[in-house]
Amino acid sequence: MKKERFKLTPATHLIFIMDGKVLLSRRANTGWRDGFYSLPGGHLDGKETAIEAAIREGKEEIGLNVEEKNLEFAHVIHRISDGVERVDFFFLVKGWKGEIKNMEPNKCDDLKWLDVGNLPKNTVNYVRQAIENILRGKFYSEEGWDGNT
């Protein structure tokens, strides 16, 4: 009997920082962390790299064309949430084409630039952790293994 391999759920996140502010979106109507701020991004669809997913999510969620050359790997979190192990890739966006627009108003009720050093209390925990670690130059972290998600 062949043992099924363990699987992780991967996601990718885009970090736009300009003039000391980071672009955050407030989740709405998703059933998960609604009312909390997060970053543009989402799950990989399969048969795509984390970079390809980041580029796709930038277009789908905020209407921007981001090229691979303008993405800089910044952080990865290995976390557990709701009993599921996940890996989240975070990329700093160094340039883009287009104007930022909320392309998914059914999933996001606020999209704004907020002080990167003073994130709102209602920021998703692992997103806060990633941003703080990026500012410290730390590329890897873990979250949720102690039961706090």
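Checked against the 6.0 Å centroid threshold, His13 and Phe90 count as a close aromatic pair.
Within the model, atoms CG of Asp88 and CD of Glu143 stand 9.0 Å from one another, a figure rounded to the nearest 0.5 Å. From Leu44, atom CG reaches atom OG1 of Thr49 across 7.0 Å, with rounding to the nearest 0.5 Å. Taking CD of Glu132 as the reference point, atom OG of Ser141 lies at 10.0 Å (rounded to 0.5 Å). Atom CE of Met103 is separated from atom CD of Glu61 by 10.5 Å, given to the nearest 0.5 angstrom. Expressed to the nearest 0.5 Å, how far CG of Leu64 lies from CD1 of Ile55 amounts to 12.0 Å. Remark: Glu48 CD to Thr12 OG1 distance equals 9.0 Å, nearest 0.5 Å.
With sequence neighbours left out, the salt bridge (Lys or Arg N to Asp or Glu O under 4.0 Å) criterion links Lys94 to Glu72. Under the salt bridge (Lys or Arg N to Asp or Glu O under 4.0 Å) criterion, Lys47 pairs with no residue at all, not counting sequence neighbours. Shown here are the side-chain hydrogen bond (donor to acceptor under 3.5 Å, both in side chains) partners of Asp34, two or more places apart in sequence or in another chain: Thr30. Looking at residues two or more places apart in sequence or on another chain, you find no salt bridge (Lys or Arg N to Asp or Glu O under 4.0 Å) involving Glu99. Here Asp109 pairs with Arg26 under the salt bridge (Lys or Arg N to Asp or Glu O under 4.0 Å) rule; sequence neighbours left out. Asp19 is linked by a side-chain hydrogen bond (donor to acceptor under 3.5 Å, both in side chains) to nothing, counting only residues two or more places apart in sequence or in another chain.
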Report task. Decide side chain to side chain contact (heavy atoms under 4.5 Å, CB included) for Arg79 and Glu142; before the verdict, give the C-alpha distance in whole Å, the side-chain angles of both, and the deciding distance to 0.1 Å. Result -> CA-CA 5 Å; Arg79 65 186 180 94; Glu142 298 170 347; over 6 Å; no

Query - side chain to side chain contact (heavy atoms under 4.5 Å, CB included) between Leu71 and Val93, intermediate numbers included - result: CA-CA 5 Å; Leu71 292 176; Val93 182; 3.8 Å; yes

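Residues Ile51 and Val66 are members of one and the same hydrophobic cluster, defined by side-chain heavy-atom contacts under 4.5 angstrom among Ile, Leu, Val, Met, Phe, Trp and Tyr. Hydrophobic clustering (side-chain heavy atoms under 4.5 Å, transitive across Ile, Leu, Val, Met, Phe, Trp, Tyr) groups Leu8 together with Tyr140. Using a 4.5 Å cut-off between side-chain heavy atoms of Ile, Leu, Val, Met, Phe, Trp and Tyr, with links allowed through other members, Ile15 and Phe73 fall into different hydrophobic clusters. Note on Leu23: it clusters hydrophobically with Met18, by side-chain heavy-atom contacts below 4.5 Å among ILVMFWY residues. Tracing side-chain contacts under 4.5 Å through hydrophobic residues (I, L, V, M, F, W, Y), one never reaches Val116 starting from Leu111; they form parts of separate clusters.
Side-chain atoms of Asn133 and Arg136 include a donor-acceptor pair closer than 3.5 Å. There is no side-chain donor-acceptor pair under 3.5 Å between His43 and Thr9.
Of the candidates Val22, Leu114, Val124, Val127, Tyr37 forms a side-chain contact (heavy atoms from CB on, under 4.5 Å) with just one, namely Leu114.
Judged by a 6.0 Å distance limit and a 45° cone about the ring axis, Arg27 is not positioned over the six-membered ring of Phe36.
When all heavy atoms of Phe89 and Ala50 are compared, the closest pair comes out as CD1-CB, 3.8 Å. Heavy-atom minimum distance, Glu57 versus Gly41: OE1-O, 3.5 Å. When all heavy atoms of Asn70 and Gly95 are compared, the pair lying nearest together is CB-O, 3.3 Å. Annotation for Gly20 and Asp115: closest pair O-OD1, 3.6 Å, computed over non-hydrogen atoms. Of all the heavy atoms in Ser25 and Pro40, the pair that sits closest is OG-N, 4.3 Å.
A heavy-atom distance below 4.5 Å is found between the side chains of Ile100 and Trp113. Looking at Glu67 and Lys97, their side chains come closer than 4.5 Å, going by heavy atoms from C-beta outward. Using a 4.5 Å cut-off on side-chain heavy atoms (C-beta onward), Leu92 and Ile17 make contact. When side chains are defined from C-beta on, Asn29 does not count as touching Cys108, because their heavy atoms never get closer than 4.5 Å.
The closest donor-acceptor contact from the side chain of His75 to the backbone of Phe139 lies under 3.5 Å.
In this pair, Trp32 and Tyr126 present their aromatic rings tilted. The plane angle is within the 30 to 60° band.
By the 6.0 Å contact criterion, CD on Glu68 is open, its count of non-hydrogen atoms from other residues, nucleotides or ligands being 12 or less.
A salt bridge links Arg56 with Glu60: the closest approach of a Lys/Arg side-chain nitrogen to an acidic carboxylate oxygen falls below 4.0 angstrom.
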